[in-house]
> 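Dropping a structure here in structure tokens format, bear with me for questions.
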Protein chains: 2
Amino acid sequence: MATRVWNDQTGPARYVAPDPDFWDPKLSDAARRLLGSAVLCFARNGFYGTRTRDISAGAKLSAGSLYTMFDSKEAVFFEITRSGHIDTLACLNADPGDGTPTERLQRLVSIYVEWHARYHTVGRACQHDLAVLTEEHFAEIVELRHQIEAIFRNVVEEGAKDNTFDAADIDGVLRAIHSLSIDVTRWYGLDGTESPQSIAALYSKFALRIATPPPSS
Amino acid sequence: MATRVWNDQTGPARYVAPDPDFWDPKLSDAARRLLGSAVLCFARNGFYGTRTRDISAGAKLSAGSLYTMFDSKEAVFFEITRSGHIDTLACLNADPGDGTPTERLQRLVSIYVEWHARYHTVGRACQHDLAVLTEEHFAEIVELRHQIEAIFRNVVEEGAKDNTFDAADIDGVLRAIHSLSIDVTRWYGLDGTESPQSIAALYSKFALRIATPPPSS
DNA sequence: CAATTGACTGAGCGCTTGCTTACCGGGCAT
DNA sequence: ATGCCCGGTAAGCAAGCGCTCAGTCAATTG
């Protein structure tokens with residue numbers, strides 16, 4: 001049988017939740033346990049496929065306790081996506097931002113991909129299920145996404161200006177790099193055993209190839 | 001405001017279903033209308049987020065009529081993913097398969113990406129929700145996916161053999177190209193107005209860049 | 001010690017879900 | 001005309017859903 005690199009495993013998914021201190025420190029221990037359980041449920045079965053009882057059971061709490069800490073199931077989901085986007089933004093902003101556009105893009109993609117592999121369950125919620133949010137919550141997430149996109153756009157545009165990157169397809173390059181990076185959340189935990197770092201190294205190399213036109217053209 | 005290339009639109013999604021004759025010709029007209037309605041519902045809200053009543057209402061049928069044509073909601077979903085994978089495979093196999101690995105990979109990715117843009121609603125079901133299938137149905141889909149992967153692997157391995165493609169990371173290249181291609185189903189219909197053909201042209205170019213190591217390295 | 005608090009419980013409400021069943025009407029061979 | 005499929009309907013069932021709320025009890029306060 002050929003090596004398989006697509007998500008076609010049939011066993012149980014090896015999804016893992018972030019450490020409790022990934023979540024907002026203002027939340028109680030129980031609330032953070034709830035988020036850890038919820039993010040696993042959402043990654044496995046999506047928003048509509050998870051029951052509030054599954055979430056509370058996973059945190060060793062009763063069914064009603066969820067509603068002492070969150071207004072609704074949607075509020076739980078929102079808190080996950082909010083934390084996820086804020087943490088992503090913080091990781092990207094921690095980059096010094098020096099060096100050539102090539103060096104900077106490689107570092108940014110590396111950070112971004114490693115984040116999506118390490119926090120693949122959070123990433124799934126952030127990238128694949130935003131449509132379940134209320135209009136207000138969705139708008140708040142979109143604002144964060146624009147900030148994240150602007151970081152990448154800034155580097156790609158600068159690289160286009162000095163002709164290291166493809167100036168003709170900046171939007172296409174940005175979208176392709178984004179696609180490449182976040183699709184990690186779809187298969188990570190299902191397929192393969194690579195470390196977040198090795199995936200980040202490989203994919204940031206690919207991102208540079210996407211952005212850089214071959215010399216012949 | 002900066003151009004936005006991520007899925008952050010707030011209006012209604014512009015999802016479109018395939019023509020009725022996309023579906024198995026053995027099925028009745030009503031059954032194909034049902035599938036057309038179902039694929040839109042599933043694309044919008046996922047498997048667990050759509051009710052069987054939404055599906056039948058979209059086909060202008062009563063609630064019970066779904067069960068005169070399909071055994072269950074899962075059977076409807078399976079029929080969609082089955083048809084989708086079979087059609088994808090047929091489109092890829094229609095390629096003559098001649099020319100250099102570069103030419104062949106470009107054509108294959110172009111076909112694959114155009115398919116996922118044109119049939120973005122079917123593609124969403126095929127790429128993002130397979131976990132809802134029963135074990136038997138899932139195994140059937142996985143078999144089709146292996147055939148699809150083998151087509152791409154064949155070309156990439158051949159290109160690696162004659163040093164046009166990256167021989168060190170064949171699995172990584174395959175997965176990256178796959179990620180790039182199928183992520184189209186996540187944003188197409190939500191964001192942007194490009195034609196399937198123009199996306200296919202751009203992304204097949206990117207796929208070649210991913211597979212081809214830069215001369216310096 | 002009694003009084004108060006607050007995190008947590010779990011039975012259960014109102015409603016929705018996937019699916020079943022009893023039924024209907026028109027075309028068709030006899 | 002008659003009987004009979006057959007594609008489709010309408011009503012409804014049992015189970016499950018998100019969410020509520022009166023109540024429990026250990027910890028804290030005075």
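Residue numbers begin at 1 in each chain, while the letters A, B, ... track the order of the sequences.
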> For the side chain of B:Thr68, starting at C-beta, report the closest nucleotide among D:dC19, C:dT17, D:dT9.
D:dT9
> Check the distance between D:dC19's C1' and A:Phe77's CZ and give it to me in whole angstrom.
19 Å
> Can you name the nearest heavy-atom pair linking B:Pro18 to B:Val39, along with the distance?
CD-CG1, 4.0 Å
> Atom OH of B:Tyr48 and atom P of D:dA15: how far apart are they, to the nearest Å?
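It is 20 Å, rounded to the nearest whole Å.
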> What's the NZ-P distance between B:Lys73 and C:dT20, to the nearest Å?
14 Å
> Roughly, in whole Å, what's the span from CZ in B:Phe70 to P in D:dG8?
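B:Phe70 atom CZ is separated from D:dG8 atom P by 12 Å.
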> Please report the distance, rounded to the nearest Å, between CG in B:Leu66 and C1' in D:dA10.
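Distance check: B:Leu66 CG to D:dA10 C1' gives 16 Å.
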> Round to a whole Å and report the spacing from CG of A:Leu61 to C1' of C:dT9.
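From A:Leu61 CG to C:dT9 C1': 10 Å.
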> Quick one: which of D:dG16, C:dT16, C:dC19 gets closest to the side chain of B:Arg51?
C:dT16
> What I want to check is whether an N or O donor and acceptor connect the side chain of B:Arg53 with the base of D:dG12 at under 3.5 Å.
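Flag set: donor-acceptor pair detected.
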> Please work out if B:Thr50 contacts a base, only the sugar-phosphate, or nothing of the nucleic acid, heavy-atom cut-off 4.0 Å.
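Sugar-phosphate only.
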> Expressed as a whole number of angstroms, how long is the span from A:Met69:CE to D:dC19:C1'?
15 Å
> For D:dT20, does OP1 or OP2 lie under 4.0 Å from any side-chain N or O of A:Tyr67?
no
> Report the C-alpha separation of B:Glu194 and A:Arg175 in whole Å, then their side-chain angles, then the decisive distance to 0.1 Å, and conclude whether the salt bridge (Lys or Arg N to Asp or Glu O under 4.0 Å) test is met.
CA-CA 13 Å; B:Glu194 298 94 331; A:Arg175 182 136 63 190; 2.6 Å; yes
> Can you give me the closest heavy-atom contact between A:Tyr48 and B:Asn45, atom names plus distance?
CD1-O, 3.6 Å
> Tell me yes or no: between the side chains of A:Glu79 and A:Ser83, is some donor less than 3.5 Å from an acceptor?
yes
> Among B:Phe78, B:Tyr15, B:Phe47, which residue meets the ring-ring contact (aromatic ring centres under 6.0 Å, His included) test with B:Phe42?
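So, applying the ring-ring contact (aromatic ring centres under 6.0 Å, His included) to B:Phe42 and each of B:Phe78, B:Tyr15, B:Phe47, only B:Phe47 qualifies.
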> Which of the following nucleotides, D:dA10, C:dC8, C:dC19, is nearest to the side chain of B:Ser62?
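Of D:dA10, C:dC8, C:dC19, D:dA10 is nearest to the side chain of B:Ser62.
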> Looking for any heavy atom pair under 4.0 Å, which part of the strands does B:Ser28 touch: base, sugar-phosphate only, or nothing?
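Nothing, no heavy atom under 4.0 Å.
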> Starting at atom CG of A:Asp29, determine the distance to atom P of C:dG6, rounded to an integer number of angstrom.
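Checked: the CG to P distance equals 18 Å.
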